[in-house]
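The structure appears below as structure tokens.
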Amino acid sequence: MKHDAIIPETALGSAHQSIAHDSAIKHVSGRANYTDDITEPTGTLHAALGLSKVAHGRIRSMNLGKVRAAPGVVAVLTSADVPGHNDVSPTGKHDDPIFVEEQVLFHGQPLFAVIAETRLQARKAATLAEVEYEALPHHLDPLAARDAGMDYVTEPLKLRRGTPETAMDAAPHRIAGRFSIGGQDHFYLEGQIALAIPGEDDEMTLFVSTQHPSEVQHMVAHALGTRSNAVVVNVRRMGGGFGGKETQMNLFACVAAIAARKLGRAVKLRPDRDEDMIATGKRHDFVVDYEVGFDEAGHICAVTGDWHARCGFSADLSGPVTDRALFHADNAYFYPHVELRSHPWRTHTVSNTAFRGFGGPQGVIVAERIIEEIAYATGQDTLAVRKANLYRNGQLTPYHQPVEDQILPRIFEELEASADYARRRQAVLDFNAKGGIVRRGIALTPVKFGISFTATHYNQAGALVHVYSDGSIHLNHGGCEMGQGLHTKVAQVVAEAFQVDLDRIKITKTTTEKVPNTSATAASSGTDLNGMAALDACNQIKARLVRFLCESRDATADEITFARNRVMVRGEAIPFEQVIREAYFARVQLSAAGFYATPKIHWNRAEGRGRPFYYFAYGAACAEVSVDTLTGEYTVERVDALHDVGRSLNPAIDKGQVEGAFIQGMGWLTSEELWWDDKGRLRTHAPSTYKIPLASDRPKVFNVNLAEWSVNRERTIKRSKAVGEPPFMLGIAVFEALGMAVASVANYRQAPLLDAPATPERVLMAVERLKRESAA
Amino acid sequence: MAGDIRFLLNGDEIRLACAGPGDTLLDFLRLERRLRGTKEGCAEGDCGACTVLVGRLLNGTLIYEPINACIRLIASCHGCHVVTVEHLAGRNGRLHPVQQAMVEQHGSQCGFCTPGFVMALYGLWMGNPDPSVLDIETALQGNLCRCTGYEPIVQAALAAARAGGQAQDWLNVERSTVTTHLTALIGHGADVSRGTERAIVPADVDALAEALLAHPKAVIVAGATDVGLWITKHLRDISPGIFIGHLMKDIAVDAEGIRIGAGVTYSEFIPVARRHLPEAEPYLLRIGGWQVRNAGTIGGNIANGSPIGEMPPFLIALGARIVLRKGADRRIIPLEDFFIAYGKQDRQPGEFVETILIPHHEGVRVAAYKVSKRAHADISAVSAGFAVRERDSHIEEARIAFGGMAGTPHRASAAEAALVGQPFARESFEAAAQAVQDDFAPLSDWRGSSDYRRVVAANLFRRFWLEQSGTTEPVRIARAVGA
């Protein structure tokens with residue numbers, strides 16, 4: 001790997017170098033401050049939420065007398081105490097109340113908040129509420145909701161190209177099936193939290209663990225009945241987000257702010273982990289009915305499908321999430337004729353939300369299921385069917401955007417070689433042929449992921465760069481740090497632009513005071529957007545410096561270059577800080593606001609046509625597993641991944657994103673199961689019951705590489721590609737490998753048709769089913 | 001004479017006259033001492049973000065172990081040395097080798113879990129200078145990371161081991177001073193209160209027996225790996241609480257069998273099991289994570305009466321008995337008789353589990369099985385203990401007990417009956433696999449459906465046979481650790 005080479009002429013820590021996360025030393029020494037670690041203002045109060053105990057019902061009475069009388073309680077807030085709008089709907093649908101007014105729509109919905117001197121007092125008091133409900137029937141899953149005549153939470157989408165009906169009829173073979181795909185809890189290690197500090201007049205300052213400070217600002221203003229210019233939202237870092245803090249923290253921020261406004265004291269709200277998991281949205285679960293027509297060789301002729309989503313009680317982000325499921329229902333494969341329909345069902349569950357991949361994984365995995373169906377029906381290796389159906393440049397996606405940057409054939413070729421796929425697959429077949437208790441499976445799966453917010457207007461960003469007269473640089477931009485290394489990468493861009501060592505650059509908290517109207521740090525877009533905005537700011541300042549040097553040194557612009565920590569003017573090396581000092585005395589503006597808007601993209605949702613994505617990111621992974629066919633338990637023996645990040649801004653950080661996303665994707669499809677009981681209560685609401693992967697679940701051999709030769713053909717920041725979400729779907733390789741191990745018990749004559757997540761139970765029950773069916 | 005709660009926190013002695021039995025170490029660190037490097041991730045001992053080291057004297061030797069501060073109650077820190085992440089960097093301010101390795105290997109992303117990982121790795125680095133990857137995975141079973149996928153953290157553990165430097169580490173340099181200090185602190189128990197709440201730390205077992213006679217309804221707290229959740233999750237008041245985690249630590253192996261004190265932790269039991277009950281070791285390594293095994297006790301697991309009962313099925317199969325003590329009186333009962341019904345045990349007010357007696361099992365084929373959604377640090381969907389005595393290639397005796405299949409851990413009598421007197425052969429275990437269906441009517445919950453539990457219970461008979469049949473084919477998947 002050539003990552004670690006430091007070229008002496010280049011500034012230390014500038015773009016493309018594998019430097020450590022900017023907070024790494026603070027992380028390991030416990031000195032990185034998260035919201036709960038900030039020293040609270042004197043007299044800070046603590047809030048706790050009171051949650052509903054039914055999944056659907058009308059509140060007959062709510063007696064909060066005992067709550068108010070409990071030790072330490074200062075106030076109790078209900079919907080009547082909201083000075084502005086009792087709503088945190090991010091889409092303006094007004095379907096997401098802060099506190100229930102009359103009708104409870106899911107078990108765990110907030111009814112009231114208690115404010116007390118200590119957090120423990122608030123939590124204990126919240127348990128004393130006496131609430132009577134008139135229970136109403138509840139519908140938890142999407143098909144039950146459909147059958148009960150529930151409505152959509154948001155407008156569905158249809159993508160269509162060609163004539164799928166005739167193509168399906170004409171296809172030599174067709175298979176229809178149903179696939180249940182579970183949701184996923186974010187399980188950010190730092191839970192939701194907000195600290196609100198009242199100021200003079202209508203001012204409110206918040207510290208919130210959020211991916212979307214501008215939306216918190218907007219929502220708090222809305223809830224307080226004031227304007228955005230009175231609200232300041234700050235976030236230095238989050239202890240993980242993964243989409244779970246894109247809209248879900250609005251509730252907590254608003255409750256803290258309402259209480260702080262009412263009481264004139266700082267108020268902190270940090271729910272317990274169980275309440276966090278019960279009261280906040282998750283990845284959407286889907287039930288997908290699909291049909292595929294194909295020929296003898298396994299080429300796809302036509303695909304149709306219905307994506308039924310459990311959206312929960314409100315729209316939240318279910319519109320764009322279910323849209324993105326359809327955008328990725330092709331994964332990397334060309335569907336000559338296609339129709340895909342989304343069904344965003346309202347259910348009596350918490351409102352599902354953004355989660356890494358944002359619906360994309362629930363599209364991609366269906367494409368892989370379709371491949372699996374064809375492979376078992378035609379008696380081929382799934383990889384052969386995958387290769388046969390890969391997009392060729394120029395072919396159209398179901399949304400009529402041509403694929404123009406296809407690099408999967410090269411990724412496949414390199415990964416097949418480095419993973420030794422053919423030999424190992426034969427070894428797996430030979431091992432299984434012995435008919436033992438332990439079975440093996442191997443699979444190699446691709447991902448193609450569209451980069452850009454599909455809501456075109458979100459594809460903008462701002463940055464603010466100050467160069468102080470001592471030559472130190474203050475960097476601020478609209479993106480939020482949640483562990484992904486965004487601040488490090490953007491600082492590297494600035495270091496490269498000015499050719500100064502990274503230690504001259506101070507990375508500062510994200511705040512609505514410095515960069516307004518920011519988009520959520522989401523859709524993998526943080527670096528693409530904010531890196532460009534920061535570069536724009538740097539270029540403005542650099543242009544002024546060049547102009548100044550041209551005048552003061554009687555030089556032309558092409559005689560001036562920025563070298564490491566100095567500026568070269570006609571062969572003379574002037575230290576950077578001297579240039580800055582001179583410029584300051586010459587009254588040159590040393591601060592700039594940068595801006596960026598992604599070019600080329602457009603999207604007409606009504607017609608299902610456009611170019612929603614600026615470019616695609618690609619990758620592939622090969623996974624091998626062992627399965628115990630007596631218990632369904634399994635282990636991942638080896639994974640090889642090759643992923644495309646374009647020209648990496650920081651290979652170490654990007655590799656970390658790929659590894660982490662892989663394990664998170666694997667967790668979604670293996671041990672992470674959301675389980676509701678018949679009363680509509682989520683019973684897997686803490687790490688004791690909701691099992692994310694451990695160190696001992698990671699592949700025994702885990703080879704992750706970046707496609708170092710890849711360069712983004714679009715003019716992105718330093719020709720890099722977004723990395724947050726795409727590798728999440730590499731975890732599908734584990735799911736597909738489990739399927740192969742299961743299918744071995746019926747000698748691969750039947751598709752395994754595992755539902756997700758493939759818990760040991762689902763694996764064992766599939767083994768039993770295949771044994772039964774093959775015996776029959 | 002019992003008095004204040006006294007312990008060392010990093011370099012300071014802490015003395016608390018006013019404390020409640022439900023006060024957690026984590027809240028004390030974060031709220032009272034403003035040591036905010038230690039994080040709260042789950043408040044139930046499952047994520048490890050709050051990991052700190054606790055040093056204590058075990059038979060006179062100072063040992064340091066990682067534990068979860070979120071469910072460690074402050075009263076049970078009496079006589080201990082609590083070490084937090086803030087104490088880790090050297091006096092020169094340089095990063096500790098474990099911290100340095102985490103930085104260099106890119107072991108942190110969001111960083112919230114990182115101090116907890118650093119402390120678990122610190123505990124490993126100190127106790128095992130040359131860990132294998134399996135050792136590292138085992139040490140990290142109690143720490144969740146949602147960002148990195150763990151690979152760089154495992155690499156950091158290996159790099160820290162290569163860096164070495166244990167002899168220069170503060171905790172080793174100051175070992176004798178701390179030992180002397182703790183010896184002085186632990187000499188007497190503690191008895192503190194706040195308002196009407198009271199926490200009692202008896203100095204020895206006799207004092208415990210006496211305290212329980214005086215407070216027969218007291219909540220007995222050993223490792224608090226379950227009681228901790230009564231406090232943090234159910235917001236229960238546990239006063240008066242009597243803290244026993246430092247008592248009943250004796251382990252003896254004699255002609256009768258293995259006698260283990262009720263206060264022996266899983267971690268303390270593992271080396272004994274490795275020698276005298278090797279079938280149990282992989283099973284023990286699937287109970288909780290390292291932090292939980294360092295706190296949780298075998299006696300607590302029994303007395304608590306969980307329907308899953310991680311230890312009881314295996315102990316019941318082995319024919320274990322327990323000693324129950326009240327005042328100076330003791331009675332001995334078979335463990336299987338202790339579990340009367342769901343949530344109901346044969347323990348009188350004022351009585352406590354003092355000792356567990358595990359008979360030797362020469363000539364008996366034994367196995368301990370655990371099946372769970374996640375292989376490690378997960379509560380079983382089904383757990384089972386098998387003990388089968390063979391004579392003249394026939395089954396003379398079969399003791400088979402299950403957890404997770406009913407309201408209490410209990411024996412599979414129909415399956416046992418199907419085995420006794422039959423040839424030691426595949427067909428007999430196949431018959432038992434059928435018969436066990438009559439033994440239990442398991443519930444469906446998030447750990448497993450009724451159907452799944454039934455299929456697994458039957459298959460465990462098949463597994464037992466295969467493992468005992470001498471086959472060379474793999475019968476179980478061989479992950480890092482565990483059965």
Side-chain angles (χ1 to χ4, degrees), chain A residues 20-21 23-25 27-32 34 37 123-124 127 187-190 238-240 272-274 434 436-438 482-484 626 628 630-631 633-635 652 656 659-660 662-664 671 673 675 683-684 686-689 691-692 694-698 702 759-761 764-765 768, chain B residues 36-38 41-44 46-47 49 85-86 88-89 95 99 102-103 106 108-115 118 137 140-141 144 146-154 233 235 371 373-379 445-446 448-449 452 455-456 459 462-463 466 473-477 479-481:
Chain A
H21 191 284
S23 295
I25 290 172
H27 291 156
V28 300
S29 47
R31 289 187 288 107
Y34 300 82
D37 304 331
R123 289 182 67 208
K124 283 188 170 174
T127 64
F187 210 83
Y188 28 66
L189 261 290
E190 177 210 31
M238 283 166 271
D272 184 62
R273 173 65 63 177
D274 297 55
K434 291 189 285 187
I437 295 297
V438 174
M482 60 191 110
Q484 80 279 44
S626 293
D628 175 347
L630 289 177
T631 63
E633 294 176 300
Y634 42 78
T635 190
E659 289 173 342
F662 182 93
I663 297 299
Q664 199 174 59
S671 58
E673 185 176 30
W675 197 91
R683 302 303 295 272
T684 46
S688 53
T689 46
K691 311 310 282 188
I692 73 167
L694 290 175
S696 47
D697 295 311
R698 84 194 195 295
F702 197 15
T759 55
E761 170 163 354
L764 183 64
M765 295 325 240
E768 295 279 312
Chain B
R36 296 193 165 182
T38 309
C42 70
E44 62 175 10
D46 268 286
C47 81
V85 70
E86 287 85 357
L88 194 42
L95 293 180
Q99 293 172 314
M102 281 288 278
V103 171
H106 307 280
S108 70
Q109 288 185 19
C110 86
F112 196 82
C113 70
T114 308
V118 164
E137 290 178 356
L140 296 180
Q141 286 168 355
L144 298 178
R146 193 56 154 166
C147 296
T148 64
Y150 302 101
E151 187 66 31
I153 299 174
V154 173
K233 299 297 172 180
L235 304 174
V371 177
K373 200 181 288 181
R374 187 177 68 192
H376 299 102
D378 194 1
I379 291 170
D445 66 11
W446 53 92
S449 68
Y452 177 63
V455 175
V456 165
N459 281 349
R462 299 178 177 118
R463 177 195 272 184
L466 282 166
E473 289 298 314
V475 179
R476 304 188 215 182
I477 46 174
R479 177 61 206 188
V481 286

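Labels below follow one simple rule: chain letters A, B, ... track the order of the sequence lines, proteins then strands, and each chain is numbered from 1.
To the nearest 0.5 Å, the span separating NZ on Lys691(A) from CD1 on Ile379(B) amounts to 6.5 Å. With rounding to the nearest 0.5 angstrom, the CD atom of Glu137(B) is 9.0 Å from the CG atom of Asp697(A). Here the CE atom belonging to Met482(A) is positioned 16.0 Å from the CZ atom belonging to Phe112(B), to the nearest 0.5 angstrom. We find the OG-CE distance between Ser29(A) and Met102(B) to be 11.5 Å, quoted to the nearest 0.5 Å. Atoms OG1 and CH2, from Thr684(A) and Trp446(B) in turn, are 9.0 Å apart once rounded to the nearest 0.5 Å.
For Met765(A), the part sitting under 4.5 Å from any heavy atom of chain B is the side chain, from C-beta outward, and nothing else. For Val154(B), the part lying near chain A is the side chain, with the backbone staying farther off; criterion is any non-hydrogen pair under 4.5 Å. Proximity to chain B involves both the backbone and the side chain of Ile692(A), based on heavy atoms less than 4.5 angstrom apart. With a threshold of 4.5 angstrom between heavy atoms, Leu189(A) approaches chain B through its backbone and through its side chain. Within the 4.5 angstrom heavy-atom criterion, no atom of Phe662(A) approaches chain B. Contact of Ser23(A) with chain B is not made at all, since no heavy-atom distance falls under 4.5 Å. At a 4.5 Å heavy-atom cutoff, the contact between Val103(B) and chain A is made by backbone and side-chain atoms alike. At a 4.5 Å heavy-atom cutoff, the contact between Ala20(A) and chain B is made by backbone and side-chain atoms alike.
A salt bridge does not link Asp445(B) to Arg683(A): none of the charged nitrogens lies less than 4.0 Å from a carboxylate oxygen. A salt bridge links Asp628(A) to Arg463(B): at least one charged side-chain nitrogen sits closer than 4.0 Å to a carboxylate oxygen. A salt bridge is absent between Glu44(B) and Arg273(A); no separation between the charged side-chain nitrogens and carboxylate oxygens falls under 4.0 Å.
Of all the listed residues (Leu88(B), Val118(B), Thr38(B)), the one sharing the greatest number of non-hydrogen pairs under 4.5 Å with chain A is Val118(B). The greatest number of non-hydrogen atom pairs below 4.5 Å with chain B, out of Glu673(A), Gln484(A), His21(A), is found for Glu673(A). Looking only at heavy-atom pairs under 4.5 Å with chain B, the residue among Gly483(A), Gly436(A), Gly656(A) that has the most is Gly483(A). Of the listed residues (Val475(B), Asp378(B), Val456(B)), the greatest number of heavy-atom pairs within a distance under 4.5 Å of chain A belongs to Asp378(B). Among Ser671(A), Pro760(A), Ala24(A), the residue with the largest count of heavy-atom pairs under 4.5 Å with chain B is Pro760(A).
Panel note: side chain Arg31(A), backbone Gly37(B); no donor-acceptor pair is recorded below 3.5 Å. Tyr150(B) places no side-chain N or O within donor-acceptor distance of the main-chain N or O of Arg698(A), the cut-off being under 3.5 Å. In this structure a side-chain-to-backbone donor-acceptor pair under 3.5 Å is missing from Tyr634(A) to Ile477(B). Side chain of Glu633(A) to main chain of Ala375(B): no donor-acceptor pair is present (N/O by atom type, distance under 3.5 Å, no hydrogens or angles). The backbone N or O of Leu694(A) sits nowhere less than 3.5 Å from a side-chain atom of Arg374(B) that would complete a donor-acceptor pair.
Residues Glu659(A) and Thr148(B) are not in side-chain contact: their nearest non-hydrogen atoms beyond the backbone lie 4.5 Å or more apart. Within the 4.5 Å cutoff, side-chain heavy atoms of Arg123(A) are placed close to those of Leu235(B). When side chains are defined from C-beta on, Lys434(A) counts as touching Glu473(B), because their heavy atoms get closer than 4.5 Å. Taking the side chain as every heavy atom from C-beta outward, Thr631(A) and Asn459(B) never approach each other to under 4.5 Å. Within the 4.5 Å cutoff, the side chain of Met238(A) has no heavy atoms near those of the Cys110(B) side chain. Residues Pro687(A) and Leu144(B) are in side-chain contact: their nearest non-hydrogen atoms beyond the backbone lie under 4.5 Å apart. Taking 4.5 Å as the limit, some side-chain heavy atom of Ile437(A) sits within range of a side-chain heavy atom of Leu466(B).
Residues satisfying the side chain to side chain donor-acceptor pair (under 3.5 Å) test with Gln99(B), not counting sequence neighbours, are none.
Nearest approach of Pro115(B) to Gly30(A), heavy atoms of both residues: CG-CA, 4.1 Å. In terms of heavy-atom proximity, Asp272(A) sits nearest to Cys42(B) at OD1-O, 4.4 Å. The heavy-atom pair separating Phe187(A) from Arg146(B) by the smallest distance is O-CG, 3.3 Å. Considering every non-hydrogen atom in both Gly149(B) and Ile663(A), the closest pair reads CA-CG1, 3.4 Å.
Donor-acceptor pairing under 3.5 Å is recorded for the side chains of Glu761(A) and Ser449(B). His27(A) and Thr114(B) share no donor-acceptor pair across their side chains, judged by distance under 3.5 Å alone.
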Candidate pair Val455(B) and Leu764(A), rule side-chain contact (heavy atoms from CB on, under 4.5 Å), full reasoning: CA-CA 9 Å; Val455(B) 175; Leu764(A) 183 64; 3.7 Å; yes

